[in-house]
Amino acid sequence: MTAPIALIDCNNYYVSCERAFDSSLVGVPVIVLSNNDGCAIARSAEAKALGIKMGDPVHLLRDKIRAHGIRVLSSNYALYGDMQRRVIAACDAFARDFEIYSIDETFLDLSGFEGQDLVAHANAMRARVRKWTTIPTCVGIGTSKTLAKLGNAAAKKNPMFDGVADLRDDGVRTWVMDRFPVGDVWGVGRATARKLEALGIEHAGALRDMPMKQARAVGTVVLERLVAELRGVPSDVVETIEPRRKGMAVTRSFGTPVTDFPTLFGALSQYAMRAGEKLRSHGLVAGRLTAFFHTNQHKPDRPQYAGSRTVSLHPMTSDSLELIAAAKRGAERAWRDGYAYTKAGVMLDDLVAADLRPRTLFEAGTEKRDRLMNAIDEINGRFGKFAAVTASQGFKREWKMRSEMRSPSWTTDLNEVPTVRAR
DNA sequence: TCTGGGGTCCTAGGACCC
DNA sequence: TCTGGGGTCCTAGGACCC
């Protein structure tokens, strides 16, 4: 018998995190915005009921926000990341192993628990998460990740399941799959959904019954594997060791458009600095850096330009000052005057563990610079992100992204922890 | 005026090699 | 008139995810 896999998923995760520390947000419509306060990326049930969609630009929602008193928040990733750790801790005793899939979703390997009533088991886990974090969750159970995902979606959509759907039951599985739109299946995006619907495949059940050869022809090995997973034949396992990262990026939209090179370079310097920090925290070095920037692609009637250059890093490095220099070389080559740039970024590729990196002939010692980087990381860790900066980052940072409605760092900054006063 | 950020995997096609 | 066959490696771009 195949070991059961569960997926636990936090409901309206960012909104639920915000509500944990601000009870005035409970029971009213709430949305949380993307970086730069651009679009709605998390909505409370009340906000969804008002027709607000994932990714709706907030500037088109102004009337609705005013009319319904919708509460609007900037995203606070320090809070969401910290709450995630608490959710995982609450689940710890309920599974043999975990795969953290995203900030609000975790796959659980339930082998060893087969003998139990897994719906009751899942409910006990949900109760603990709720008690420790206040966050509501749903759980799906199946014999493959795709079926666990499907069960989770069903549990979320249909109140009948009361938060937990166990698709190992033949009757339940068939009932769900015959009603589940093919485009909502995990791994079926817009393009594939359109092709499938043209073939008359509209529900998950029909996708499951599609001949394997046809699946491969329509959607390559990816769709073929997906069909196998829907049949309960796992082609993907719960991965308990973190895979080695292949690339890394730091990109941002600007709060106000940028038209001159020094200002652009200021932003890129900061992103390269942050990218170096990320590399060092993972013990990696990079072999290539790409600097890019572009104009506002949502306004095709305005002059458009997208510049991008990739620079090789040898020796491979995680030194922020080297990354800044490389970003400058790339950006200089790609730069064109006369445009209003609204977004830029730095991407790193060819990542290798620092101690395995290839040495170059005549390589100079890096101990001094390593110590400098360590010192910068420590200062910024202790005194805040921008305590130690390079001159190239500039001090005005007029391009910095908007985040005007961010909640405090309730759990990660001692100066902002909530206080309770006795009367 | 105002539209996110950060990933993965797969395929096709070109460069290059013997 | 004839003008190989098969590998590998790399990159760009598409599709998808949250």
Side-chain angles (χ1 to χ4, degrees), chain A residues 7 9-14 31-43 52-63 65 72 74-77 80-81 84 99-107 145-146 149 152-153 156 182-196 216-226 235-236 239 242-257 271 274-275 278 282 287-288 290 292 294-300 302 306 308 310 312 340 342-351 400-406:
Chain A
L7 177 73
D9 172 302
C10 300
N11 302 349
N12 316 326
Y13 183 59
Y14 297 172
I31 59 176
V32 177
L33 305 182
S34 61
N35 268 332
N36 215 30
D37 291 346
C39 6
I41 51 166
R43 305 102 73 213
I52 296 177
K53 301 272 181 306
M54 175 73 179
D56 276 354
V58 69
H59 67 95
L60 299 178
L61 296 173
R62 291 291 170 214
D63 292 345
I65 289 168
V72 181
S74 304
S75 36
N76 181 349
Y77 289 101
Y80 313 147
Q84 177 185 30
E99 176 187 335
I100 297 171
Y101 176 66
S102 74
I103 198 160
D104 67 332
E105 284 172 86
T106 298
F107 286 105
K145 281 183 171 179
T146 304
K149 267 288 236 188
N152 184 277
K156 228 190 285 186
V182 78
D184 293 349
V185 173
W186 186 42
V188 178
R190 259 214 323 267
T192 309
R194 223 176 295 129
K195 287 187 212 167
L196 291 172
R216 195 183 182 103
V218 171
T220 77
V221 283
V222 181
L223 192 64
E224 195 181 35
R225 281 201 292 249
L226 179 53
S235 65
D236 192 13
E239 295 283 359
E242 218 178 310
R244 200 176 65 83
R245 263 168 183 279
K246 300 189 170 61
M248 191 178 276
V250 179
T251 71
R252 293 284 180 279
S253 294
F254 299 137
T256 50
Y271 306 158
R274 172 76 191 123
K278 277 166 82 172
H282 287 89
R288 284 191 320 169
T290 302
F292 78 87
H294 61 70
T295 48
N296 187 348
Q297 296 172 331
H298 298 285
K299 302 283 176 190
R302 297 186 197 164
S308 162
T310 301
S312 289
T342 54
K343 180 173 177 169
V346 163
M347 300 190 291
L348 301 173
D349 279 299
D350 296 353
L351 308 189
K400 76 176 188 296
M401 67 178 185
R402 283 183 292 271
S403 183
E404 288 164 0
M405 297 150 288
R406 176 144 69 202

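In what follows, every heavy atom counts, from backbone to side chain, and hydrogens, waters and symmetry copies are set aside. Protein chains get the first letters and strands the later ones, always in sequence-line order, with residue 1 at the start of each.
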(request) Might you work through the side-chain contact (heavy atoms from CB on, under 4.5 Å) test for A:Leu7 and A:Glu105, ending with a clear yes or no? (result) CA-CA 7 Å; A:Leu7 177 73; A:Glu105 284 172 86; 3.6 Å; yes

(request) Locate the shortest heavy-atom distance separating A:Met405 from A:Ser74; write the atom from each residue and the value. (result) N-OG, 2.8 Å

(request) Could you check how far CG of A:Asp349 sits from C1' of B:dG7, rounded to whole Å? (result) 12 Å

(message) Classify A:Arg216 by what it touches in the nucleic acid, base, sugar-phosphate, or nothing, heavy-atom distance under 4.0 Å.
(response) nothing

(request) Could you measure between the two C1' atoms, the one in C:dG4 and the one in B:dC16, and give it in whole Å? (result) 16 Å

(message) Could you tell me how far apart A:Tyr14 (OH) and B:dG4 (C1') are, to the nearest whole angstrom?
(response) 10 Å

(message) Mind checking if A:Val58 touches a base, just sugar-phosphate, or nothing, with heavy atoms under 4.0 Å?
(response) nothing

(request) Could you tell me the separation between the CG atom of A:Leu348 and the P atom of B:dT8, rounded to a whole number of Å? (result) 12 Å

(message) Tell me the interatomic distance from A:Gln297, atom CD, to B:dG4, atom C1', rounded to whole angstroms.
(response) 13 Å

(request) Applying ring pair (Phe, Tyr, Trp, His ring centres under 6.0 Å), name anything that partners A:Tyr101, two or more places apart in sequence or on another chain. (result) A:Phe107, A:Trp186

(request) Starting from C1' on B:dG4, measure out to CZ on A:Arg402 and report it in whole angstrom. (result) 12 Å

(message) A:Phe254: which residues meet the ring pair (Phe, Tyr, Trp, His ring centres under 6.0 Å) condition with it, sequence neighbours left out?
(response) none

(request) Taking only the side-chain nitrogens and oxygens of A:Arg252, find out if one of them lies under 4.0 Å from OP1 or OP2 of B:dG5. (result) no

(message) Reading DNA chain B from 5' onward, which residue's closest nucleotide shows up sooner: A:Lys343 or A:His59?
(response) A:His59

(request) Mark up nucleotides 13-18 of chain C, 5' to 3', with B wherever a protein heavy atom is under 4.0 angstrom from a base atom, S wherever such an atom reaches only the sugar-phosphate, and - elsewhere. (result) --SSSS

(request) Write down the distance between NZ (A:Lys299) and P (B:dT3), rounded to a whole number of angstrom. (result) 8 Å

(request) Starting from Watson-Crick (N1-N3 plus N6-O4 or O6-N4) and G-U wobble pairs under 3.5 Å, report the runs of at least three that DNA chain B belongs to. (result) B:5-18 with C:5-18

(request) Look at A:Thr251 and B:dG6 and indicate whether a side-chain polar atom (N or O) is within less than 4.0 Å of OP1 or OP2. (result) yes

(request) Taking all non-hydrogen atoms of both residues into account, name the closest pair between A:Asn36 and A:Ser253 and its distance. (result) ND2-CB, 3.6 Å

Check nucleotides 9-11 of chain C against the protein and report each pair of N or O atoms closer than 3.5 Å, with its distance, or say if there are none.
from	atom 1	to	atom 2	distance (Å)
C:dT11	OP1	A:Arg288	NH1	3.4

(message) Please compare A:His298 and A:Ala249 by the position of their nearest nucleotide in DNA chain B and report the one closer to 5'.
(response) A:His298

(message) What contact category does A:Arg225 fall into here, base, sugar-phosphate, or nothing, at under 4.0 angstrom with non-hydrogen atoms?
(response) sugar-phosphate

(message) Taking any heavy-atom pair under 4.0 Å as a contact, classify A:Gly219: base, sugar-phosphate, or nothing.
(response) nothing

(message) Using the salt bridge (Lys or Arg N to Asp or Glu O under 4.0 Å) criterion, which residues pair with A:Asp9? Sequence neighbours excluded.
(response) A:Lys156

(request) Search all heavy atoms of A:Ile31 against all heavy atoms of A:Leu61 and return the closest pair with its distance. (result) CD1-CD1, 4.3 Å

(message) Could you check whether atom NZ of A:Lys400 has more than 12 heavy atoms from other residues, nucleotides or ligands sitting under 6.0 Å from it?
(response) no

(request) Over 60° means perpendicular and under 30° means parallel, so classify the ring planes of A:Tyr77 and A:Tyr80, tilted if in between. (result) perpendicular

(message) Any side-chain N or O of A:Lys278 below 4.0 angstrom from OP1/OP2 of B:dG7?
(response) yes

(message) What is the distance, to the nearest angstrom, from the CG atom on A:Asn35 to the P atom on B:dC2?
(response) 17 Å

(message) Do A:Pro257 and A:Asn296 have side chains that approach each other closer than 4.5 Å (heavy atoms only, starting at C-beta)?
(response) no

(message) Among A:Leu223, A:Val222, A:Val221, which residue satisfies the side-chain contact (heavy atoms from CB on, under 4.5 Å) criterion with A:Arg216?
(response) A:Val221

(request) For A:Arg62, answer base if it contacts any base atom (sugar-phosphate contacts may also be present), sugar-phosphate if it contacts only those atoms, and nothing otherwise; contact means non-hydrogen atoms under 4.0 Å. (result) nothing

(request) Measure from CE on A:Met248 to P on B:dG7 and round the result to the nearest Å. (result) 6 Å

